[in-house]
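Predicted, not measured: the structure shown is a model, and the values here were computed from it. The first residue of the sequence shown is numbered 1, and numbering continues consecutively from there. Worth knowing before you read on, the calculation uses all heavy atoms, side chains too, and leaves out hydrogens, waters and symmetry mates.
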Amino acid sequence: MPVSRVVAAIFFAVLSSGCAVTPVQTDVAVAQKPAADLPSAPAAQTAGDSASALPAPQTPPLPIQAQPSPNAREVKDRLRAIPTIDLTAVPPDLWDRIRNGFAMPNLSSPLVQERQIWYASQPSYVKRMVERGKRYLYYIVEELEKRGMPTELALLPMVESAYNPMAYSRSHASGLWQFIPSTGKNYNLEQNPWYDGRRDIVASTSAALDYLQFLYEMHGSWYLALASYNWGENAVARAIAKNEAKGLPTDYLSLKMPTETRYYVPKLQALKNIIMNPHAFGVDLDPVPNAPYFVTVEKTRDIDVRLAAKLADMPLAEFLALNPGHNRPVILADNSPALVLPPDNAKIFLANLEERDEPLVSWQKYTFKRGDSLARIARKHSISLARLKQVNNIGRRTRVRPGYQLLLPLKGASIEPLPAMFRPPASQGRKISYKIRRGDTLSGIARRFNVSTKDLHRWNKIGRTIIAGHHLVIEAR
C-alpha cells in the first residue's frame, strides 16, 4: 500500500476514536522562508486513486504556527531622526526676514563694487545707520510685505538719509525718504509752520511706497523706478525717449543721467550685498528683533512735546526720534492726531494721561497783527528774539506777516530748545580726509564720493590742479 494511503488510514482511525489531535509544531520559521525554498504542491491524483480516497475530515484545518528560527535576529535599531522644517516659522532676526524678501534682480556694475568697498571701509557709519534704522525697519518691512513689494526697499532710507529722520538736503528734501516739498504735497504730506509730514515716520513711509509703486507701474523696472525716485519721472522719461530715438537700449545702465542718479542703484545694491552676507565684508551687523518697535496712540488734545515724553516715561531724544514731524514745542491734535510710541510706553502714556488733571500745554498761540514786531513781542514775554524765532521755526527766508501764528510761552514754560528739533544738520555726511593718488583727477574723485567738483573746490579752496600726496576734505554722503 502506498505510504500516503497508510497515513490517511491512521489519521481516519484516530478521528474515529474521538481522541484529540495535537498539531505538530515545526521548528522552521515558515513565514520567513523564501518562496523559492518551499515544497511544490503535490501532483494531482489519478482516477484509480480517487475511487479509494478517504473522505475529508469534518473539522476545520489546523493552522501551522510558525516559530522563529534559532538563527533569526530581531532588528531593534532606532530609526534616524528626521529634522522637521517649519516653513511658517517667523525668523527672530528681522535681517533674515528682509533677506527672504529680496526680489529685485541683482545689478552687476563696477560702481557696485566701488560702493561696497566704501561702505565696508566705514564700519562706524554703517553701525550708526543700523542703530537709527532699528526704530523704523520693522514697520517699513511690514508695509512692504502688505503691498507685495521687494524688501530691498527697506534699505532705501540708508541711501536717502542714512535713516536720519531729520535729514535735510540742499534741494530742500526732508525726512527718512527725502521728499522735496512739491512731491510731498503731491502725496498729501502736509507742510506748515507747526508740522512737516515729510518727517512723519508713518505718513512719509506710506507716501514713499505709494510713489515707488506708481513709478514701477510706469516703467515696469525697479531700476528705472528708483532712478525716477532720485531724478524725477519726467527726467527719466526724457532720457528713455532720447535713447529710443537713437535706437539705443533704454535700460537703467544704458541711460545718460547725472552722477548722483548713476550711483543711486549701485549704492542700494552694495548695501543689499552687505546685508546678504555681512561677514564676507567684515561688517558686524547687530541683530534687529522681528517685532514691532512702536505703535500709534490716538490723541484729541494739544500737548507739549516735553510733557508727552514725560508721560510716556521716555527720554526726550527718543520721543522725538519717533515723532520727528513737529516743528514746535507743542503738538497740535489737528496736525497729527496720533503719537508714535513703543508698546510698553504707550500703555504708560495712556495711564498717566488719564490720571493727569493739570493743563497739557504751557504755551499760547498768538496771531501776528499789523504793527507788531517780533522784538517787542519777545520783550513782552521775557524771551530772547533768537529763542522766539527758534521756537516758531522762523528762518532767514520766513516772512512773518499779519495772520502768522506764533507760539508764546506761558508762566513756567521751558524755553530750552528741543534737541535736533528745529535745526536740520548742514551736512548729512561726515568729513573724511582723502589722500590724492598718482593719476587721480578731481572729476574722478567727485564721482567716487558722489559729490561735485564744485564741492571739492569749495571745501578745499583749490585750483584746477591737484598734487599726489596732498589730502582733500570730503563731506561724504
Backbone N/O of P193 and side chain of R328: donor-acceptor pair under 3.5 Å: yes
Donor + acceptor pair across side chains of N164, S161 (<3.5 Å): no
Within 6.0 Å of NZ in K256, more than 12 heavy atoms from elsewhere: no
Heavy-atom check, side chain of W222 versus side chain of M149, under 4.5 Å: yes
Charged N-O contact under 4.0 Å between E145 and R97: yes
Spacing of Q390 atom CD and N393 atom CG [to the nearest 0.5 Å]: 9.5 Å
Spacing of CG belonging to D372 relative to NZ belonging to K380, to within rounding of 0.5 Å: 8.5 Å
Side chain to side chain contact (heavy atoms under 4.5 Å, CB included) assessment of T398 paired with Y404: CA-CA 10 Å; T398 306; Y404 190 93; 3.9 Å; yes
Residues E143, K146: salt bridge by 4.0 Å N-O rule: yes
Sidechain-backbone polar pair: N100 side chain, D96 backbone, donor-acceptor under 3.5 Å: yes
Within-4.5 Å side-chain heavy-atom neighbours: L374 and L406: yes
Gap between atom CD of E142 and atom OG1 of T151 - 0.5 Å precision: 12.5 Å
Q113 side, atom CD; N273 side, atom CG - distance, nearest 0.5 Å: 9.5 Å
Closest approach of G197 to A203 (non-hydrogen atoms, all atoms of both residues): O-CB, 4.2 Å
Heavy-atom donor-acceptor pair, R198 side chain to G175 backbone, under 3.5 Å: no
Backbone N/O of Q178 and side chain of S174: donor-acceptor pair under 3.5 Å: no
A413 backbone acceptor or donor facing S362 side chain under 3.5 Å: no
Test side chain to side chain contact (heavy atoms under 4.5 Å, CB included) applied to T367 - qualifying residues, sequence neighbours left out: Q405
Closest contact, heavy atoms only, L144 versus P150: CD1-O, 3.8 Å
Y139 and F294 aromatic centres sub-6.0 Å: yes
R437/D440 ion pair, N-O < 4.0 Å: no
Residue pair D196 / Q191, side-chain donor-acceptor N/O under 3.5 Å: no
Any side-chain heavy-atom pair of V391 and L408 under 4.5 Å: no
Check: N392 side chain, L407 main-chain N or O, donor-acceptor pair, under 3.5 Å: yes
Stepwise side chain to side chain contact (heavy atoms under 4.5 Å, CB included) test for V330 and I303: CA-CA 6 Å; V330 173; I303 187 171; over 6 Å; no
pair D93-P91: side-chain heavy atoms closer than 4.5 Å: no
Qualifying residue, where the test is side chain to side chain contact (heavy atoms under 4.5 Å, CB included) with V112 and the options are N106, V265, L107: L107
Interatomic spacing from CG in L360 to CZ in R301 - rounded to 0.5 Å: 4.5 Å
Residues forming a side chain to side chain donor-acceptor pair (under 3.5 Å) with K127, sequence neighbours excluded: D286
For the student: nearest non-hydrogen atoms of S171 and S169, plus distance: OG-OG, 2.9 Å
4.5 Å side-chain heavy-atom contact, I331 and L339: yes
K272 to F102 six-membered ring, cation-pi geometry met (6.0 Å, 45°): yes
Counterpart residues, side chain to side chain donor-acceptor pair (under 3.5 Å), relative to N192 (two or more places apart): E190, N335
Donor + acceptor pair across side chains of T205, W177 (<3.5 Å): yes
Within-4.5 Å side-chain heavy-atom neighbours: L322 and P342: yes
Mutual orientation of the aromatic rings belonging to Y229 and Y264 [parallel < 30°, tilted 30-60°, perpendicular > 60°]: parallel
Donor-acceptor contact present, side-chain N243 to main-chain T250, <3.5 Å: no
D304/R306 ion pair, N-O < 4.0 Å: no
I377 and F368, any side-chain heavy atoms less than 4.5 Å apart: yes
Verdict with reasoning, Y125 to W118, per ring pair (Phe, Tyr, Trp, His ring centres under 6.0 Å): CA-CA 10 Å; Y125 177 75; W118 191 88; 5.4 Å; yes
Pair E114, Y263: side-chain N/O donor-acceptor within cut-off below 3.5 Å: yes
Rounded distance [0.5 Å steps], CE in M166 versus CZ in R132: 12.5 Å
Please list, one pair per line, the donor and acceptor atoms closer than 3.5 Å that link side chains of residues 352-359 to other protein atoms, with sequence neighbours excluded.
from	atom 1	to	atom 2	distance (Å)
N352	ND2	L311	O	2.8
N352	ND2	I348	O	3.4
R356	NE	P359	O	3.4
R356	NH2	P359	O	3.2

Residue pair T183, N186: steps toward the side chain to side chain donor-acceptor pair (under 3.5 Å) verdict: CA-CA 5 Å; T183 308; N186 290 341; 5.0 Å; no
Any donor-acceptor pair under 3.5 Å from E152 side chain to A103 backbone: yes
Side-chain (R115) to main-chain (Q269) donor-acceptor, under 3.5 angstrom: no
Flag, side chain of D200 to backbone of G325, donor-acceptor distance under 3.5 Å: no
Residues which pass salt bridge (Lys or Arg N to Asp or Glu O under 4.0 Å) with E318, listed by chain and number, not counting sequence neighbours: R135
Check: Y434 and V473 side chains under 4.5 Å, non-hydrogen atoms: no
Sequence neighbours left out, cut at 3.5 Å: what donor-acceptor pairs do the side chains of residues 206-221 make with other protein atoms?
from	atom 1	to	atom 2	distance (Å)
D210	OD1	R147	NH1	2.7
D210	OD1	R147	NH2	3.1
Y211	OH	E233	OE1	2.6
Q213	OE1	R147	NH1	2.8
H219	NE2	S228	OG	2.9
S221	OG	Y223	N	3.3
S221	OG	L224	N	3.3

Side chain to side chain contact (heavy atoms under 4.5 Å, CB included) evaluation trace for N290 with Y138: CA-CA 7 Å; N290 188 12; Y138 179 88; 3.4 Å; yes
Verdict with supporting geometry, L226 and W231, side chain to side chain contact (heavy atoms under 4.5 Å, CB included): CA-CA 9 Å; L226 289 166; W231 190 20; over 6 Å; no
